[in-house]
*Asks:* 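One structure, as structure tokens, below. Some questions next.
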Amino acid sequence: MCSLGFARSLGFALLPLATCCIVANVLLFFPDAQVTYIQENNVTTYVWYFMGIGGGGLAILIAAFVFLGMGKCADACGTESCAMCGSVLAALVGMAGSGYCFLISAFALLKGPYCLTEMGWMSPFENDGAKYLFAREEWSECIQPKHIVEWNVTLLAILLGLSTFEFIICVLQFISGLVNAVCRPCCYKQEYNLNV
């Protein structure tokens with residue numbers, strides 16, 4: 001029973017993380033809190049990969065709801081080991097989603113924001129290997145939207161951090177579910193043989 005409680009607690013931990021990923025991704029669509037940039041398609045292309053909405057959000061919510069429903073699943077399956085197999089699959093979905101969120105956010109952070117410069121709309125830091133992150137004086141190259149570099153760096157760093165936590169939680173449940181699904185029947189069989 002303790003493995004079901006552990007899975008449920010991990011499910012509860014994933015809910016706010018997934019919600020924050022969705023919010024961070026949505027905010028990336030509205031730099032400077034204005035709708036005009038998205039209407040004119042002047043946002044970074046990586047935003048359209050929905051890393052926080054799909055990967056760090058919906059995929060993690062699927063895993064979280066499976067973890068939270070483990071007790072009902074154990075009752076339906078008949079054994080806790082059977083339910084743990086389902087949690088292993090859900091953990092894999094969560095690991096894939098959080099990994100996707102992490103990778104796309106990292107690539108977006110390396111590319112830098114899409115902004116209006118003196119040469120027009122472009123990603124001025126695309127080829128500098130993320131050196132712009134440490135050269136704050138270069139951030140003034142972006143004229144519009146105001147503070148777009150800070151906006152992107154902050155939200156993408158949040159997505160990186162959240163997806164890392166999500167991945168760790170899913171790995172913990174993957175290991176726990178795998179150990180319980182594989183070892184639990186063996187332990188019960190040995191216990192039965194010892195009592196006979």
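Start at 1 with the first residue, then count along the sequence.
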*Asks:* Who passes side-chain contact (heavy atoms from CB on, under 4.5 Å) against A33, sequence neighbours left out?
*Replies:*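 Partners of A33 by the side-chain contact (heavy atoms from CB on, under 4.5 Å) criterion come out as none, since no residue qualifies.
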*Asks:* Do S9 and F6 come close enough that some side-chain heavy atom pair is under 4.5 Å?
*Replies:*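 S9 reaches F6 side chain to side chain.
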*Asks:* Could you tabulate the donor-acceptor pairs under 3.5 Å formed by side-chain atoms of residues 100-112, not counting sequence neighbours?
*Replies:*
unit_1	atom_1	unit_2	atom_2	d
Y100	OH	Y49	O	2.7
S105	OG	C101	O	2.7

*Asks:* Evaluate side chain to side chain contact (heavy atoms under 4.5 Å, CB included) for N41 paired with Y37, printing each intermediate quantity in order.
*Replies:* CA-CA 6 Å; N41 200 22; Y37 298 110; over 6 Å; no
*Asks:* Nearest 0.5 Å please: distance from the CG atom of L14 over to the CG atom of L61.
*Replies:* 8.5 Å
*Asks:* Under 4.5 Å between side-chain heavy atoms, counting indirect links through other Ile/Leu/Val/Met/Phe/Trp/Tyr residues: same cluster for V23 and F50 or not?
*Replies:* yes
*Asks:* Tell me whether I175 shares a hydrophobic cluster with V88, the cluster being built from Ile, Leu, Val, Met, Phe, Trp, Tyr side chains joined at under 4.5 Å.
*Replies:* yes
*Asks:* Roughly how far, to the nearest 0.5 Å, is the CG atom of L58 from the CD1 atom of I22?
*Replies:*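 Those atoms lie 5.0 Å apart.
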*Asks:* Can you tell me how far apart OG1 (T44) and CZ (F29) are? Round to the nearest 0.5 Å.
*Replies:* 10.5 Å
*Asks:* If I compare all heavy atoms of P113 with all of V149, which pair ends up nearest, and what's the gap?
*Replies:*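 Residues P113 and V149, closest heavy atoms: CG-CG2, 3.8 Å.
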*Asks:* Go through the steps to decide whether V43 and Y114 satisfy the test side chain to side chain contact (heavy atoms under 4.5 Å, CB included), and finish with yes or no.
*Replies:* CA-CA 6 Å; V43 293; Y114 186 76; 5.9 Å; no
*Asks:* Which side-chain N or O atoms in residues 116-129 pair as donor and acceptor under 3.5 Å with protein atoms at least two apart or in another chain?
*Replies:*
unit_1	atom_1	unit_2	atom_2	d
T117	OG1	M119	N	3.2
T117	OG1	G120	O	2.9
D128	OD1	A130	N	3.2
D128	OD2	Y132	N	3.0

*Asks:* With sequence neighbours left out, write down each residue that passes side-chain contact (heavy atoms from CB on, under 4.5 Å) with Q39, or none if nothing qualifies.
*Replies:* V35, T36
*Asks:* CH2 of W48 to CG of N25: how many Å apart, nearest 0.5 Å?
*Replies:* 10.5 Å
*Asks:* Just verifying a value: how many Å separate I148 CD1 and N42 CG, rounded to the nearest 0.5 Å?
*Replies:*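 If we round to the nearest 0.5 Å, I148:CD1 and N42:CG are 10.0 Å apart.
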*Asks:* Under 3.5 Å, side-chain donor or acceptor atoms of residues 151-170 against the rest of the protein: list the pairs with distances, not counting sequence neighbours.
*Replies:*
unit_1	atom_1	unit_2	atom_2	d
W151	NE1	L27	O	3.1
T154	OG1	E150	O	2.7
S163	OG	L159	O	2.8
S163	OG	L160	O	3.0
T164	OG1	L160	O	2.7
E166	OE2	A18	N	3.4

*Asks:* Should F30 and Y46 be counted in the same cluster of Ile, Leu, Val, Met, Phe, Trp and Tyr side chains packed under 4.5 Å apart?
*Replies:* yes
*Asks:* Can you check whether P145's main-chain N or O pairs, donor with acceptor, with D32's side chain at less than 3.5 Å?
*Replies:* no
*Asks:* What's the shortest heavy-atom distance between S87 and V66, and which atoms?
*Replies:*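 Taking S87 first and V66 second, the nearest heavy atoms are CA-CG1, 4.3 Å.
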*Asks:* Check for me, please, whether F67 and L172 land in the same ILVMFWY cluster - side-chain distances under 4.5 Å, paths through other members count.
*Replies:* yes
*Asks:* Could you tell me which non-hydrogen atom of A13 sits nearest to which non-hydrogen atom of P16, and how far apart they are?
*Replies:*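 Shortest heavy-atom separation between A13 and P16 comes out as O-CD, 3.4 Å.
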*Asks:* Are V93 and M95 connected in a single hydrophobic cluster, I mean Ile/Leu/Val/Met/Phe/Trp/Tyr linked by side-chain heavy atoms less than 4.5 Å apart?
*Replies:* no
*Asks:* Quick one: disulfide bond (SG atoms under 2.5 Å apart) partners of C142, sequence neighbours excluded?
*Replies:* C115
